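Input: a single structure, listed below in structure tokens.
On a predicted model such as this, the values are computed, not experimentally measured, just so you know. Counting starts at 1 for both ligands and their atoms, following the listed order.
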Amino acid sequence: MGVRDRLLKLRGSVPEGVELVAVSKFHPLESLREAYDAGQRAFGESRANELCAKAVAMPEDVRWHFIGHLQTNKVRQIMPHVSLIHSIDSERLLRLVDSEAGRLGRKVSVLMQLHVAREETKFGFTPEELLTVMTPDMINGLGNTEIAGVMGMASNVDDERRVREDFRRIRSTFDSLKEGVFRDCPGFSIVSMGMSHDWRIAVEEGAGMIRVGTAIFGEREY
Ligand SMILES: *Cc1c(COP(=O)(O)O)cnc(C)c1O
């Protein structure tokens, strides 16, 4: 099966109302074009240089999602192209993104990255940290940024119970924020979780956006 068929098959099994971000990192433009021609508009990339190179080569109506660890010195580079940054993992990065958006006279939407997985190398806030950091002062101090929700990954394990538990923690942290500090913010609405191997579980646990690469584009060659 090619990219087009895998994408259409996947889209057929993702419930309505769940947004599919096609994670195209490390894949060539031909593959992205094939997905685009099959109707895909949201693409996810994890490296700034690659996102920018692809953004100028692809049609303008593509929505680019940045999903990798964002270094502060790359913020300026992606800002003209990016539609949603999934991976805000520090207050410093959040403030920088806000000021760079202001410099360009644009608004930017971001997700706060949660760390719930067993692996220690993953970036992000623990649920407790995020609930502490997201104060009204913090949120109101952002002039150009809309915090649109949270993003997270489950542990990379076969134990489905653990994976499900991780997704539940992500979802319940979102719910706490939604009922708390973001209760008057309808834009706080996105739970981004679930990848090729675990998106079905993520959707069952309340994902509104999934990020799928391999199941669409095949294995990545690093
Ligand atoms: C690479 C990546 C994905 C997609 O992973 P697949 O297993 O290829 O579907 C999703 N989310 C993040 C944050 C990634 O880095």
Do Y36 and F43 have ring centroids that are under 6.0 Å from one another? no
Within a distance under 4.0 Å of any heavy atom of G213, pick out the atoms of ligand 1 and give their elements. 4 (C), 6 (P), 8 (O), 9 (O)
Result for side chain to side chain donor-acceptor pair (under 3.5 Å) between E100 and one of R76, R106, R95 points to R76
Taking all heavy atoms of A207 and all of V18, pick out the closest pair and write down the distance. O-CG2, 3.8 Å
Which of the atoms of ligand 1 are close to V212, meaning less than 4.0 Å from one of its heavy atoms? 9 (O)
How far apart are the closest heavy atoms of L93 and S87, and which atoms are they? CD2-O, 3.7 Å
Does any donor atom in the side chain of E119 or S155 lie under 3.5 Å from an acceptor atom in the other side chain? no
Heavy-atom contacts with T214 under 4.0 Å: which atoms of ligand 1 show up? List them by number with element. 6 (P), 7 (O), 8 (O), 9 (O)
Looking only at protein heavy atoms, identify the closest one to atom 9 (O) of ligand 1 and say how far it is in Å. S196 OG, 2.5 Å
Geometric cation-pi criterion R47 and F66, 6.0 Å radius, 45° cone: no
Could you tell me whether the side chains of S192 and H86 share a donor-acceptor contact shorter than 3.5 Å? yes
Tell me which protein heavy atom sits closest to atom 11 (N) of ligand 1, plus the residue, atom name and distance to 0.1 Å. R211 NE, 2.9 Å
Closest to atom 15 (O) of ligand 1 among protein heavy atoms sits K25 NZ, 2.7 Å
Over all atoms of both residues, closest heavy-atom pair of H27 and L32: O-CD1, 3.7 Å
Using a 4.0 Å heavy-atom threshold (strictly under), name the region of S46 that reaches ligand 1: side chain, backbone, both or neither. neither
How close does the nearest protein non-hydrogen atom get to atom 12 (C) of ligand 1, and which residue and atom is it? I67 CD1, 3.5 Å
Give yes if a backbone or side-chain nitrogen or oxygen of H197 is under 3.5 Å from a nitrogen or oxygen of ligand 1, and no if not. no
Quick one: nearest non-hydrogen protein atom to atom 5 (O) of ligand 1, plus distance? M195 CE, 3.4 Å
Between ligand 1 and H86, can you find any atom pair, the residue atom being a heavy atom, that is separated by under 4.0 Å? no
